[in-house]
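Each remark here refers to the structure printed beneath this line.
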Amino acid sequence: MSCIIIGASHAGVQAAVNLRAQGYKDSITLINAESVMPYQRPPLSKAFLQDALPEQRLWLRPEAFYQQKDITLMLSTRVVSINATDNSISLENGNSLNYCKLIIATGASIRRLTIPGSELPQIHYLRDHKDTVGIKEQINNIEKVVVIGGGYIGLEAAASMAKLGKKVTLLINSERPLAKSTCTIVSDFFTKLHKSHGIDIKLNTQAKSIEKAAQGVIVNTSDDDALAADAVIVGIGVTPEQSLAENAGLTVENGVCVNEFMRTSNEDIYAIGDCVSFYHPLYKKQVRIESVQNATDQSKTAASAICNQPTPYNATPWFWSDQFDAKLQIAGLSDGYDDTVIREESENSFAVFYFKAKQLIAVDTMNQPKTFMATRKHLTRLVEVDKQLLADTNVNINHVFNPVTGA
Amino acid sequence: MLDITFILPDETSVTVAANEGDSLMQTAVDNGIEQIAADCGGCCSCATCHCIVADNWQDKLTPPDATESDLLSNAIEDAQKNSRLSCQIFLDATHDGLVVHVPESEW
């Protein structure tokens, strides 16, 4: 008996921890291609980038923890193939390892620029530890930075660089930031917030090419601007890291397909985290979710199934983003909404509730943790909620849910 | 190093050595107190690091700020007057011997 976990980020490490917590007695091997101790990703674009978090505080667990829990950590080790027919994996160093159960926690890989000049050394990404370290090593040589991408990573990178006193230009290839993930009110709040901190936001603007300059680079944009920069940080999304699964003959479609127990199309192979496509029972649709919550909760589901205590996955998704002094917290999936309700306590503290076919499906809260928590707690099922009461800040948020849901 | 005692949901108690300057949450995570889930890593976003600090230690703690209070009062079914988010308690020399109760995780 043995369990091998490929990938030691949030999902993989938590799976190892949960296996032990649930009484798994046999060997657990946690394999990661990177050489550094397994680490948390959210601070890479925030506190760690801002030099406000020391290296060791980035680690998911201290080094001694893995020994105490009898978890074999194989760092700097790349898996080249999964051989599902004989339950083994092959490593880049030529060795192979046998497993009884395998957990794929390979995450996602960064989408790279393909425009002319994309290979220049001044271009940075933000996904892995080495990416943030690469920026930090150059930080004293950076005065002006162009950030490409209006998603969470782009916004957080821009905020962090501005906090460090850099002159930031943010290029967003749509009419507003976070265009795919939130509504106009939240986008506009962030646009205003970033502008108030001196960030130059250029909407509907693409980078067309990047060229080497006497000092740094020039970013040529679709509106014919030429922006001088000492560094470029790119945050244009990720794609699921599914090639190992695909080559092993597992079913993949925008991620490794798993059932409600995180089991793939092979009964001995599980998959969890950013790399996974699954049917969400609350939203009744196939989804792939990139978040710490998803990674952590799916690791519990997989560990339970492997320990013969199967419990179907049904966790409510939630997310957060910290930018400057603003705390955005999100519960649920707002995708496909047809109505919104605003609960505004002040210009800087509001919540947007998303509805679909009269049912509350998600909430975005800005500096309103109370509403986030109360809503998240009630989003274990989709219910109709009185919209007028939701909008009324004189009504306690918990009282809005209770009479209607009967909870 | 400081001695910190966690009393787990099954009443067993675990005493661990903590570093001054670390948060109580970090101490729990580093020492495998798995009931402290600490999903957000300590940025006061998720309330999965709920704990209850023994009465006689209250005067040694900085009171919760508004965000922590809001998370606690709305997240936890059985929030008690001594309920805290362990990510917001930073340990110093006065906390040597601190005793905290860890409830069963609600998440």
Side-chain angles (χ1 to χ4, degrees), chain A residues 10 13-14 17-18 20-22 39-43 46-48 53-54 56-66 68-69 71 291-297 300 315-316 318-322 327-331 349 365 367-378 396-398 401, chain B residues 1 6 8-10 12 14 16-50 64-79 83-85 87-88 90-91 102 104-107:
Chain A
H10 290 267
V13 169
Q14 196 60 43
V17 171
N18 287 332
R20 282 288 178 250
Q22 302 226 10
Y39 56 88
Q40 308 174 61
R41 287 188 198 275
K46 303 188 266 283
F48 188 58
L53 191 76
Q56 288 201 359
R57 291 283 70 126
L58 195 66
W59 295 358
L60 284 160
R61 303 281 175 165
E63 202 165 358
F65 180 88
Y66 300 93
Q68 281 159 15
K69 298 286 177 185
I71 295 164
S291 76
V292 172
Q293 169 276 321
N294 186 63
T296 307
D297 286 334
K300 289 177 197 160
T316 303
W318 65 270
F319 314 83
W320 81 92
S321 178
D322 294 332
K327 182 183 281 297
L328 171 70
Q329 290 163 292
I330 300 165
S349 171
T365 68
N367 303 317
Q368 213 175 93
K370 187 175 180 165
T371 302
F372 165 72
M373 269 303 163
T375 310
R376 181 183 155 196
K377 205 164 62 183
H378 287 92
N396 181 320
I397 185 71
N398 283 298
F401 291 103
Chain B
M1 300 295 272
F6 293 94
L8 305 181
D10 65 1
T12 56
V14 182
V16 304
N19 301 307
E20 280 185 44
D22 277 1
S23 71
L24 188 55
M25 178 215 80
Q26 191 73 54
T27 304
V29 169
D30 287 357
N31 289 282
I33 309 292
E34 300 304 334
Q35 290 81 3
I36 302 279
D39 285 351
C40 79
C43 66
C44 206
S45 284
C46 71
T48 61
C49 66
H50 175 214
D65 66 8
T67 299
E68 185 187 346
S69 293
D70 278 352
L71 286 173
L72 276 168
S73 61
N74 290 279
I76 312 297
E77 288 295 346
D78 59 347
S83 281
R84 293 297 302 264
L85 296 182
C87 71
Q88 300 301 303
F90 288 89
L91 301 172
V102 181
E104 198 67 66
S105 173
E106 291 186 33
W107 302 107

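First the proteins, then the strands, lettered A, B, ... as listed; each starts at 1.
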Tell me, do [X] and [Y] make a side-chain contact under 4.5 Å, heavy atoms counted?
X      : Y      : answer
B:L71  : A:Q329 : yes
B:E34  : A:V17  : yes
A:W318 : B:D39  : yes
A:Q40  : B:C40  : no

Practice task
Flag the one option from A:H10, A:R20, A:R61 with the top tally of heavy-atom pairs under 4.5 Å to chain B.
Solution key: A:R61
Exercise for the section: Go through A:A21, A:A295, A:P42, A:P369 and name the one with the most non-hydrogen pairs under 4.5 angstrom from chain B. Expected result: A:P369
Problem - Euclidean distance, B:T67 OG1 relative to A:N367 CG, rounded to 0.5 Å - result: 7.5 Å
Exercise for the section: Starting at CG of B:D22, measure out to CD of A:Q56 and round the result to the nearest 0.5 Å. Expected result: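 CD of A:Q56 is found 10.0 Å from CG of B:D22.
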Practice task
Tell me, out of B:A66, B:G42, B:A38, B:C44, who's got the most heavy-atom pairs with chain A below 4.5 Å.
Solution key: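 Of the options given, most contacts go to B:C44.
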Exercise for the section: Tell me, out of B:C43, B:S45, B:S69, who's got the most heavy-atom pairs with chain A below 4.5 Å. Expected result: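 Max contact count across the listed options: B:S45.
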Exercise for the section: Check B:G32 against A:K69 and note the closest heavy-atom contact, atom names and distance. Expected result: O-NZ, 4.4 Å
Problem - A:Q368, part contacting chain B, at a heavy-atom distance under 4.5 Å - result: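 Nothing of A:Q368, per the 4.5 Å heavy-atom cut-off to chain B.
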Problem - Toward chain B, the part of A:I397 with a non-hydrogen atom under 4.5 Å - result: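 The side chain, not the backbone.
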Problem - Polar side-chain atom of A:R376 near backbone of B:C46 as donor-acceptor pair, under 3.5 Å - result: yes
